[in-house]
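We name chains A, B, ... by the order of the sequence lines, and we start the count at 1 in each one. Values reported hereafter were calculated over all heavy atoms of this structure, with side chains retained and with hydrogens, waters and symmetry mates removed. Predicted model, so just to flag it, every value in this text is computed and none were measured.
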Amino acid sequence: MSRGTGSSRRRFLRDAGLLIGGSALASRLPPLETLAKIATEAVFSRATASIERERFFLNINFFGAPNRWVFDHWLRTKPGQNIIGNASIATRMGGGSTYDHAIYETVDYKGVQVTPMWMTSVVGANGTRPLSELLDHLIVVRGYGTGIDGHPTNLLRQTRPLNSLGSTSGYLAEQSKTLLRAVQYPASGITGYASEKGLGLTMLHDRSGNPAHNLADDLLFPFGARAGLEGVQSLRVRYDEVIEKVRFALNQRGPASSSTTVAADNESALRMIQKGLNDLISVWPSLYAKYERIMIGTLRQRDVPGFSDKPVVCPADDGSGDSPYAVDVGAERLQLQPGFDLRQVFDSAQMVRTIQGFAMAEFVLTHKLSATMEIPFVSVGNLSAQFRRPAGAPAEVYPSPATRNWEYNSDQHGTGSFASTYMNAAIFRALSAGLLELFDRLKATRHGAGQLFDHTVVQLLQDFGRSPRTTGGGADHGWDNMICSVLTGLHRGGPRVVGNISHSQTYADIYGGTIGYKAPVRLDGRDVVPSPLHLASSMASLLGLHHNPWINLASPLFSESNGVVSFHTGDDIV
Amino acid sequence: MKSWLGRLAWLGSWIIGGLLINGIFVNCSGPFQVTPQTLDLPSNHPDVEGLVAPKPAQSQVQLADREFIESFLRDVFTSREPTGAEHEALSQIFMAEFGPTQHHLGGSCSIYDEGSMRGCYYVTTNQFNPFYASSSSAREGSRYQVCRRLVAHPTLMAAVLSKFPERTSTPDDASLAVAVSLFYPDFQEPHEIIASLRELDQAAAFNREPVADRWRLIVLALCESPGWQILSD
């Protein structure tokens, strides 16, 4: 490490020298004392600036791409703004004594039209809490697209828009000094992590089959205890001091003599192994239990105005096929049984993988073990509902009503607005409840002079938006009406929407209405239709990347400087 | 005149002061490092305090990758005519310890491991990792674990001892020299290292440790040491 050390020393002396010229003359201190003062200040300001610029990134991927009308794909953002309706776009349940259809409605929050979901309360660690707390830190990015279909293709392009370069998470990992730098749970090849310098990604096996499994133990595997090695471990500890002398003699003689980095890593690994991880990893069961209580509790809430405070039932005379009351159940497209209360759908539902992901996110971030963390969402299993017999199906093999248990299908081609509005609201509320709890912990964790939350950026990403069918019966892929959200302590004061959308679109005969289709924005004095390059460039700024690799191709739609986020485009419908 | 002399004295004090400061950092303090931010751990999580090593984002040294490390250790822990049992034991240890930490070791994961991408965790994210990895605590942790497993394995320790002079039963200077050469073949006359190993063995002998454990300590101390994995610095 002689080169690195020398470089630091030279940089220090240069900085000190530059500062001398301006500051010392104004000082009344004798020269030597002034020099020492400036030298000290230079060191501290560098260390402080480094910490103040440090970022932590949590990327939550909604695999499959559910429609987000009820959550953050708001369309209308200003009072009086007109949109052209579409039967598949709804934001709350509607009806009389029961909820029997879904409607589009927005409400005002700090001057922005948001969806009614945000005015509800969710389960917290200590009772219920308003969901709107999240809105103060929310940035919605919309109106961009790729012009090409494909689930993984589009997910990848939003974090790694150019194959020849790395991903946003990869660049952040490269400039990080955290222990593991980049972590993903569960291991997945389609989230786009790529490091230009080749930093590997710590991937953890999917343990969702065993909710009791301690994932913190997996994460810190290199430092954990090993069964059967107790004898060697005990022997090693008894002669630790003498072995230290051997190590010293070897380091003096060998190549390690000039590598303080390797020697330091070697020493810290030994300390971690010897200290043991029991205290550290013993928190895992309580972490998992906490998020399970909060997220599952929210998922099953029965008193949510506009969603679950009345029975949610489909009318008896509904049609069949491509209708608002259809649901994709595995490979089948079924119609809900008339009279069945859809509120029962989550009574035995589980979301183990997602809960594990949130517990892992808190563990990793609050211990600052990694700069970047990727977890999945939209993994909800064991849904249960009653369905009608499909037309033409024989009664002897297909009873009616038929109870089905299935895993939530987030690629909602055939799930109509009735079921998707109800189920998506519950699922996004559960996600938001988890985020609120996570943010509480980040706010309680110090980083530099402030809170860790002020250094954390959460991106809610998915493959693409949806193209809703005018029948109300579902939504197909929406690669030119993409949507994602960012939540961060860097942004305060209310929701902001970035990106224009158009009333018009391709295939308008099938997907009529205002569906969030991409539209030009005014950027750098030009009209530009945003693409994932603009999203990545914006994230590069928010994540404090030392170098924005996409800056020459796409200006940021929003950027951060000195802790202030600035927005460079509007949110109009053009 | 007085003013001119005063200015000269003022300038002189600057120069002397600068030289003194420079001397402090160049000659007295060893490697100059700003306190790393990784040590700024959350106050409400005292259990991890001090566990993370200070290090730069990119190491300047070139470290051996997984293939090299496995090949190197396979050479040390097999007899002159290796048996299938030795190779099998080594493979199991490497897979158990290095498999989950492949990305810390350098080199790409193997999409051909057992024909199932097991070494890549069934995804291709790490398949293009470069040969040279950065130094990290996790990498060193994996090496510690492998070394402990290796010296705990009777067959593999027997393979190491089979390389020593035939008369060897307890460690002596000749056998210690052979042990050093297994890990550091380029060291010429490593007297101070042999002396430190002798001291280690004497401490173990004083405590009446079994001879097998005395050898384990010696091989473990060498295996754990970071120097043999450094290709260039």
Side-chain angles (χ1 to χ4, degrees), chain A residues 1 3-5 8-9 31-32 35 39 43 46-47 50-51 54 174-175 177-180 187-189 193 198 200-203 221-223 226 229 232 235 239 242-243 245-247 249-250 253-256 258-266 268-269 271-273 279-280 366-367 445-446, chain B residues 13-14 17 21 25 31-32 34-38 40 42-43 45 47-48 51-57 59-61 100-101 103-104 121 123-126 129-130 135-138 140-142 144-145 148 151-152 184 187 190 192-193 196-197 199-200 203-204 213 217 221 225-227 230 233:
Chain A
M1 278 311 299
R3 270 177 295 167
T5 304
S8 296
R9 187 184 296 130
L32 260 178
L35 243 183
V43 171
R46 180 177 300 284
S50 178
I51 291 174
E54 190 174 18
E174 286 170 6
Q175 69 185 46
K177 296 183 175 68
T178 51
L179 177 68
L180 300 170
S188 164
Y193 172 86
L201 174 66
T202 297
M203 294 185 290
F221 173 78
F223 313 106
R226 300 288 189 270
L229 293 186
V232 172
L235 190 67
Y239 296 94
V242 203
I243 290 178
K245 293 180 181 178
V246 178
R247 187 206 311 272
L250 284 164
R253 181 69 173 269
S258 59
S259 177
T260 54
T261 303
V262 181
D265 285 331
N266 186 268
S268 72
R271 276 189 288 147
M272 286 184 80
I273 290 171
D279 289 347
L280 201 55
T366 55
H367 289 91
T445 303
R446 192 177 62 83
Chain B
S13 69
W14 272 101
I21 292 288
F25 285 102
F32 175 65
V34 174
T35 303
Q37 62 212 49
T38 42
D40 177 49
S43 57
H45 292 290
D47 291 337
V48 296
L51 292 181
V52 180
K55 57 184 178 295
S59 173
Q60 301 291 320
V61 298
T101 59
H103 47 283
H104 293 301
Y121 270 43
V123 295
T124 55
T125 303
N126 286 329
N129 288 353
S135 175
S136 70
S137 300
E140 289 303 283
S142 291
Y144 271 111
Q145 302 285 10
R148 284 166 199 219
V151 300
Y184 295 94
F187 281 10
E192 72 284 8
I193 298 167
S196 68
L197 288 170
E199 186 180 348
L200 171 62
D213 282 350
L217 279 168
S225 66
I230 298 176
D233 57 357

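In this structure, the separation between NE2 on B:H104 and OG1 on A:T202 is 3.5 Å, given to the nearest 0.5 Å. Here OG of B:S136 is found 8.0 Å from CG of A:L180. Values are rounded to the nearest 0.5 Å.
Minimum heavy-atom separation, B:A221 to A:L250: O-CD1, 4.3 Å. Taking each heavy atom of A:P222 and B:T101 in turn, the nearest pair found is CG-CG2, 3.6 Å. Scanning both residues, B:L200 and A:V242, for their nearest heavy atoms gives CA-CG1, 3.4 Å. Between B:A204 and A:Y239, the shortest heavy-atom contact is CA-OH, 3.4 Å.
Inter-residue side-chain proximity for A:R226 and B:R148 is flagged as unmet; no heavy-atom pair is nearer than 4.5 Å.
Only the side chain of A:I273 comes within contact range of chain B, with at least one heavy atom under 4.5 Å from a heavy atom of that chain.
By the side chain to side chain donor-acceptor pair (under 3.5 Å) test, B:S196 pairs with no residue at all, sequence neighbours left out. Scanning for side chain to side chain donor-acceptor pair (under 3.5 Å) contacts around B:Q145 gives an empty result, with sequence neighbours left out.
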